[in-house]
Amino acid sequence: MLRTTHCGALTLDQLGEEVTLAGWVQKSRDKGFMLWIDLRDRYGITQIIFDEERTPKSVMEQAQRLGREFVIQVTGTVIERESKNPNLPTGEIEILAQSLTLLNQAKTPPFTIENETDGGEELRMQYRYLDIRRTPVRENLVFRSKVSLAIRNFLSAHDFIDVETPYLIKSTPEGARDFVVPSRMNQGQFYALPQSPQTFKQLLMVGGMDKYFQIVKCFRDEDLRADRQPEFTQIDCEMTFVEQEDILQQFESLLQHLLKEIKRVEIGAFPRMTYAEAMAKYGNDKPDIRFGMEFAELNDLAKNKGFIVFDQQELIVGIAVPGAAAYTRKQIDKLIDWVKRPQIGANGLVWVKCNEDGSYKSSVDKFYTQEDLAQWAKASGANAGDLILVMAGDTHKTRTQLSALRMELAEQLGLRKPEEFAPLWVVDFPLLEWDEETQRYHAMHHPFTAPKPEQIDLLETNPGAVNANAYDLVLNGNEIGGGSIRIHDAATQERMFALLGFSPEEAKTQFGFLMEAFQYGAPPHGGIALGLDRLVALLGGQETIRDFIAFPKNNSGRDLMIDAPSPIDTAQLDELYLCLQPKEE
Ligand code: ASP
């Protein structure tokens, strides 16, 4: 070993011991007759002192030539520091250097490697290995490892078997585009990278594996929304002979365990909400329930009062913003501008101030009496001092817009507290979703999801009304997992494919293997997948998954460090039978 201990270990207990440390020079302070170095490794920082009187001259001179991020090995004695640093575990001691070996030099790093850095995001991604040297980034990765281990231990203790499934597969429709890999040995044919191991885990259940899990990379070629990665990690699970309730309980206890183990937070039974309820109350299928501001539908109270703008709308819906009655005209206008931005796309906002004296002041005073407004306040749960904001329009669109406003206001008001955890289950998702563009139904979860057994006959007559045995696990306004009870018989699966617009031939070419498997005694089964990146970020009190991924891609799906994707040479293209043609204009 090049060291006897590491840079986070030494305290007054080791006083007088001779030690050898190895690490990076974080910074040095040179007073001529005395020089200090902060030596850093994964475990911490230890101060090294070089002193004219006590350190050999040659060592002193060598130390004076060290630059930031040089890699060195130092041997010396643990001594008590004169001015102690209470913020460092090693802050009471320093190492009086006797010898020093330069293990490697370093160019001046492009940004400072300190907790607070001057490096911009892109630069830090390009030099990610340097960013990883910074404590906050390193701690996030260590934290991730701790969470993964806790998950593995929990699932193993509950009889789940870790099985690896292939990465070179045939495309599985989970709603996104596949990344494809050309096959050199099979001219003109392609593998797809899994959007998830969905069909494989189901086949493992047919294979009698009973309980499966895998912490696994999944790949989706989606247009990248903020904070999405083209490759991400799922905790993928499947169980045999279970009903929805069994899965909810199993994974509720996993999250409870993690919160307790990692955050020391104990949370009782998770609330459950149907999809319909979540949409009506929060305009969102992944509601943040850490704060109120629940939606109040005001159709009955606001229509036919002479305000024709409202009369024609499908939905009039409001929220009560706590303590915001004192907002100035300017503040309200800012909110109105915010909802009118193309990203939200609302027409505007109607506002009602609930004054402390019990009176109301609104932007629609001309049309509504004080009694009318009092009813709005009652319906939306507004108290004196609150501000009611109302939107109107098509049901779905308006809910989505108001939901965005609710989240924005919560952010502004500091109601999204990172160290508060509010998980819930959203259940009874619709099985299908109508897509205007393609004029077809899409599977809301995926095509292997089972309809509610009691609604199976509706599949023919009113497919849009059928709910699924599908559920999402939501934490603090983020979907952290989703799953379903699966179809396990070939006939229902065939019906499902037909509903989704697959011809029998298409279904057979794409999913023949699954339908075939279903004919050999497929057991009832179901499962779930949790997004590890997001879960770790949330448990870490943050929302950006990039900060918890060792080598993330940027918003355009590029790895700036290795510069990927990148062109390949003609020989490689030829070998793969690929020919790039310029796009015709
Ligand atoms: N394969 C699904 C997904 O990735 C999860 C599941 O149904 O288990 O969302």
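If you're wondering where the values come from, they're calculated on a predicted model, not measured in any experiment. As the structure lists them, so they are numbered: ligands from 1, and atoms in each ligand from 1.
In this model, a donor atom of one side chain and an acceptor atom of the other lie less than 3.5 Å apart for Tyr212 and Asp236. Using modelled atom types and a 3.5 Å distance limit, the side chains of Asp563 and Ser566 yield no donor-acceptor pair.
A donor-acceptor pair is defined here as one N or O able to donate and one able to accept, closer than 3.5 Å; no such pair exists between the side chain of Asn140 and the backbone of Val137. Side-chain atoms of Arg406 come within 3.5 Å of backbone atoms of Met293 as a donor-acceptor pair (strictly under, hydrogens ignored).
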Sequence neighbours left out, cut at 3.5 Å: what donor-acceptor pairs do the side chains of residues 407-414 make with other protein atoms?
| residue | atom | partner | partner atom | Å |
| --- | --- | --- | --- | --- |
| Glu408 | OE2 | Gln412 | NE2 | 2.9 |
| Glu411 | OE1 | Arg416 | NH1 | 3.4 |

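The distance between the ring centers of His446 and Phe448 falls below 6.0 angstrom.
Contact residues for ligand 1 (protein heavy atom closer than 4.0 angstrom to any ligand atom): Glu174, Ser196, Gln198, Lys201, Arg220, Gln234, His445, His446, Gly482, Gly483, Arg486, Gly527, Ile528, Ala529.
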